[in-house]
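Residue numbers start at 1 and run along the sequence shown.
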Amino acid sequence: MKKRTQAAGSIVLAALLIIPLALIITAVVLPSKYAQSYYAELGEMYGKLKTSSGKKIVIVGNSNVAFGVYSDYLELMLSESGEDYTVCNFGLYGTIGTKVMLDLSENYISEGDIVLFCPEPYPQTMSLYYSGSEMWRALDTKLSMASELDKKSVSSLVGNFAGYVAEKYSLAHSEGEMASGVYAKKAFDDNCDMTKAERIYNQFAEGYDVNNKISLGENLLNDDFTAYVNSYYKKVKKAGAKMYFSLCPVNRLSINNTDEEIDKFCASAVEKFGFPMLGNPHNYVLDHEWFYDSNFHLNYSGMYVRTIQLYKDLIITEFNKIPKSYSLPEKPVRDEVEITEGDDSDLACFTYEYIDDREGYRITGLSAEGASRTELVIPTKYESVPIIGYDVSTFQNATHLAKLTVQENIPILYDNSFTGCSSLRQIILKQTNPNKIATGYGVLEGTADCYFYVDRSGYVAFCGHYTWGHLAKHIKPLD
């Protein structure tokens, strides 16, 4: 499949000899804030997979696995049906790449194991994308994982080493924890299940992440990726294990496909991957109430829904048995929008649309006064009713705008929100917890030299966040 490096961390360290000794010493001596974040959990997942004895069900994929599979519960249900397996969650890192999850797991699949392959149907995760800079964050607490990487991946690590050290130095000298809530290491229990962080409701005003709509098409399945997955499957098969493709949970509101198109995509995936489908993919297209902070991340109740469905599919497909009946939880529905107190001095600078009693108002655009202003603060209330968001076109082409303050009532910043804002240099975020405001990778598209500014107490958390971390170079602490 690939020419793998043989010595654990030694190959990386040897390669780093070409880098000035001062950088290496700095990297080793500095305390690790990454140990507080979800990056550190990769080492735990890797360790559990390596040391688990007996038959295993290994669920390989991206963060949909961490957010969506309760391994203890799946083990219990299987046991009650007479099947004893250790369940190994092995998915969390779409930001590093699906390739890494395959590379780290392939040597630890044994005879009698079952591998469920659950990549997120998104261009980045359905490709050989790999981020050396993100991988350093995971290796920071378990360098031995480098032994599983191929030469190209190690080369990327070397190329990203100086940036990693600079980032680590900056974070080590900043106040606050790197992660909280679901993106903290402490969100996971001893079985690598995300059971220790509260995630009750869908976090999106629209019920889904509009920045990342899902389109299932055959163009997602490029030849390089499918060939790599097939090589992995050949090794799994040679080890005496079985492998299935399982559609990961998808928010029904976010998907642009008909049932027929979903069937066509899954049939194409099965044909190209060379191994069968587990269950009916339509059972994994779920109502928005089961999701949390992405179109693939389930909340705690949704975690049970997906785990029970996996149990049913395994019992029927793999073991040819009738599954036992397990009750689903109630859908968690948020009754009303919380009222946020804040600065409403710029109310006259915007136009508004009333949605309904539960959601309140949405900003639809700038008034004549707002269009002429260089600084704006997004208000929290209009006529004493909460403002829950803005239309993506609200600020586009606002050429005078130089500074925008986003208050805590705004739960998401849309991609292309600031296209044409040629003067925009500062976006002040009042949120100190990055889990409270979502964004997309293209939020700064169409701007020039624009930065997000956050309170110093939240700076480290934003830089280490699952989504915001991609924008770390464009985030600065407020003085």
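- Residues Val65 and Cys118 approach most closely at CG2-CB, 4.4 Å, considering heavy atoms.
- Cation-pi geometry between Lys476 and Tyr453 is not met: the NZ or CZ atom fails to fall both under 6.0 Å from the ring centre and inside 45° of the normal.
- Taking CD1 from Ile214 and CD1 from Ile262, the interatomic distance works out to 9.5 Å, rounded to the nearest 0.5 Å.
- Aromatic ring pairs are classed by plane angle as parallel below 30°, tilted from 30° to 60° and perpendicular above 60°; the pair His470 and Tyr441 is tilted.
- A side-chain donor-acceptor contact under 3.5 Å links Thr364 and Thr351.
- Ring-centre distance between Phe117 and Phe273: below the 6.0 Å cut-off.
- A salt bridge links Lys381 and Asp344; the closest N-O separation between the charged side-chain nitrogens and carboxylate oxygens is under 4.0 Å.
- Taking the six-membered ring where the residue is Trp, the centroids of Tyr304 and Tyr70 are separated by under 6.0 Å.
- Rounding to the nearest 0.5 angstrom, the gap separating the CD atom in Glu261 from the CD1 atom in Ile255 is 9.0 Å.
- By the neighbour-count criterion of 12 heavy atoms within 6.0 Å, atom NZ of Lys331 is densely surrounded, having more than that number from other residues, nucleotides or ligands.
- Proximity of Tyr292 to Gln203: side-chain heavy atoms (C-beta onward) are separated by under 4.5 Å at one or more points.
- Aromatic rings of Tyr459 and Phe462 (six-membered ring for Trp) have centroids beyond the 6.0 Å cut-off, not under it.
- Here the closest non-hydrogen pair linking Val406 and Gln431 is O-OE1, 3.6 Å.
- Look at Lys272 and Asp223 and you find no salt bridge, because none of the NZ, NE, NH1 or NH2 atoms lies under 4.0 Å from a carboxylate O.
- Counting heavy atoms from C-beta outward, Met194 and Val182 have side chains that approach closer than 4.5 Å.
- Between the CG atom of Leu139 and the CG atom of Leu149 there is a distance of 6.5 Å, given to the nearest 0.5 Å.
- For the atom pair CG (Asn212) and CD (Glu120), the distance works out to 10.0 Å, reported to the nearest 0.5 Å.
- The aromatic rings of Tyr38 and Tyr93 sit parallel, their planes meeting at an angle under 30°, below the 60° perpendicular limit.
- Scanning all heavy atoms of the two residues, the minimum distance from Thr98 to Thr125 falls at OG1-O, 2.7 Å.
- The shortest non-hydrogen separation linking Val250 to Pro121 is CG2-CG, 4.4 Å.
- Taking the charged nitrogens against the carboxylate oxygens, Asp343 and Lys430 have no contact shorter than 4.0 Å, which rules out a salt bridge.
- The environment of Glu369 atom CD is dense: over 12 non-hydrogen atoms of other residues, nucleotides or ligands sit within 6.0 angstrom.
- Annotation: the span from Asn397 atom CG to Cys421 atom SG amounts to 7.0 Å, rounded to 0.5 Å.
- Aromatic pair His288/Tyr208: ring centres not closer than 6.0 Å.
- Between Trp136 and Tyr34, the distance from one ring center to the other does not fall under 6.0 angstrom.
- We find that Glu206 and Arg362 are joined by a salt bridge, their nearest charged nitrogen and carboxylate oxygen being less than 4.0 Å apart.
- Note: Phe395 and Tyr390 have perpendicular aromatic rings, judged against thresholds of 30 and 60 degrees for the angle between ring planes.
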